[in-house]
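Remember, predicted model here, so these are calculated numbers, not experimental data.
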Amino acid sequence: MIYHILPQAIYTSLDKSQPFRADTLESEGFMHCTGAPALLVWVANRFYRQADGLFIVLCIDEALVTAEVRWEESDGHLFPHIYGPLNWSAVEKVIDFPRSTDGTFLLPPALQ
């Protein structure tokens, strides 16, 4: 399983009949994901802690992703990057990404 963090407002507005194209697919050539729940929390707190609003996590079956997935090193960790649009059939579930009162992201109970 690999994971992609997404603001809930963006997820709600997406046309699920079309593959998902995160903004980084255009700007960086790939979509960022994580491969371990502990890294998911680390990434969220590093990059999204100051962001307002609710967030969700796409739980993605890597074997079902039709685009190329490359595991690449960044910040001393290996991260899966999706080099193309994400087909919704690879998304096994969508879960809420809880936060504490100070905005810190917490490991979702479904991933514990």
Side-chain angles (χ1 to χ4, degrees):
M1 193 70 58
I2 61 177
Y3 309 97
H4 180 76
I5 303 165
L6 189 62
Q8 186 178 45
I10 291 175
Y11 173 75
T12 303
S13 72
L14 293 171
D15 176 358
K16 309 301 188 302
S17 70
Q18 299 295 315
F20 172 53
R21 302 179 67 86
D23 58 351
T24 60
L25 185 56
E26 300 306 320
S27 63
E28 298 178 48
F30 60 88
M31 294 173 37
H32 292 268
C33 293
T34 61
L39 277 178
L40 182 71
V41 172
W42 179 79
V43 167
N45 285 319
R46 182 169 177 198
F47 295 104
Y48 302 110
R49 187 166 184 258
Q50 301 304 320
D52 292 330
L54 301 174
F55 283 76
I56 55 96
V57 177
L58 301 179
C59 300
I60 303 164
D61 184 337
E62 181 183 356
L64 297 178
V65 176
T66 56
E68 180 183 7
V69 177
R70 292 185 210 160
W71 286 76
E72 299 172 309
E73 199 226 325
S74 180
D75 295 319
H77 302 282
L78 283 177
F79 291 98
H81 295 148
I82 301 174
Y83 281 83
L86 174 64
N87 52 301
W88 287 108
S89 59
V91 178
E92 286 199 354
K93 60 185 167 180
V94 178
I95 57 175
D96 292 333
F97 205 161
R99 296 170 103 163
S100 66
T101 55
D102 69 357
T104 302
F105 284 90
L106 306 169
L107 187 62
L111 299 179
Q112 293 180 6

Verify the cluster assignment for L78 and L39: are they in a single hydrophobic cluster under the rule of side-chain heavy atoms below 4.5 Å apart? no
4.5 Å side-chain heavy-atom contact, Y3 and V43: no
State, with a plain yes or no, whether a side-chain heavy atom of L25 is found less than 4.5 Å away from one of P85. yes
Atom pair OG1/CD1 of T12 and I56 - distance to nearest 0.5 Å: 8.0 Å
Note, I82 side chain near E62 side chain (heavy atom, < 4.5 Å): no
Just by distance, do the side chain of D15 and the backbone of S17 share a donor-acceptor pair under 3.5 Å? yes
Residues I95 and P108: closest non-hydrogen pair is CD1-CB, 3.8 Å
OG-CG distance between S100 and N45, expressed to the nearest 0.5 angstrom: 8.0 Å
Please check this pair: side chain of S13 against backbone of I10, looking for a donor-acceptor N/O pair closer than 3.5 Å. yes
Spacing of OH belonging to Y83 relative to CE belonging to M31, to within rounding of 0.5 Å: 12.5 Å
So F20 and H4, would you call those rings parallel, tilted or perpendicular, with 30° and 60° as cut-offs? perpendicular
For a quick test of reading the model, state the closest non-hydrogen atom pair linking S89 to L64 and the distance between them. O-CD1, 3.8 Å
I'd like to check V57 versus F105 (side-chain heavy atoms, cut-off strictly below 4.5 Å). Are they in contact? no
Do L106 and V41 have side-chain heavy atoms sitting under 4.5 Å apart? no
Check: I2 and T34 side chains under 4.5 Å, non-hydrogen atoms: no
When the ring planes of H32 and H81 are compared, do they come out parallel, tilted or perpendicular, using 30° and 60° as the limits? perpendicular
Which value, rounded to the nearest 0.5 Å, describes the distance between H77 atom NE2 and W71 atom CH2? 12.5 Å
Is F79 linked to F97 within one hydrophobic cluster, defined over Ile, Leu, Val, Met, Phe, Trp and Tyr using a side-chain heavy-atom separation of less than 4.5 Å? yes
Is there a donor-acceptor pair under 3.5 Å between the side chain of R99 and the backbone N or O of L54? no
Should L111 and M1 count as side-chain neighbours, where that means a heavy-atom distance under 4.5 Å? no
So, W88 side chain and Q18 main chain: donor-acceptor pair closer than 3.5 Å or not? yes
Flag side-chain contact, heavy atom, 4.5 Å: I5 against F47: no
Once you round to the nearest 0.5 Å, how far does SG of C59 lie from CD of E92? 8.0 Å
Does L58 belong to the same Ile/Leu/Val/Met/Phe/Trp/Tyr cluster as Y48, with side-chain heavy atoms less than 4.5 Å apart forming each link? no
At their closest point, which heavy atom of V65 faces which heavy atom of N87, and how far apart are they? CA-OD1, 3.5 Å
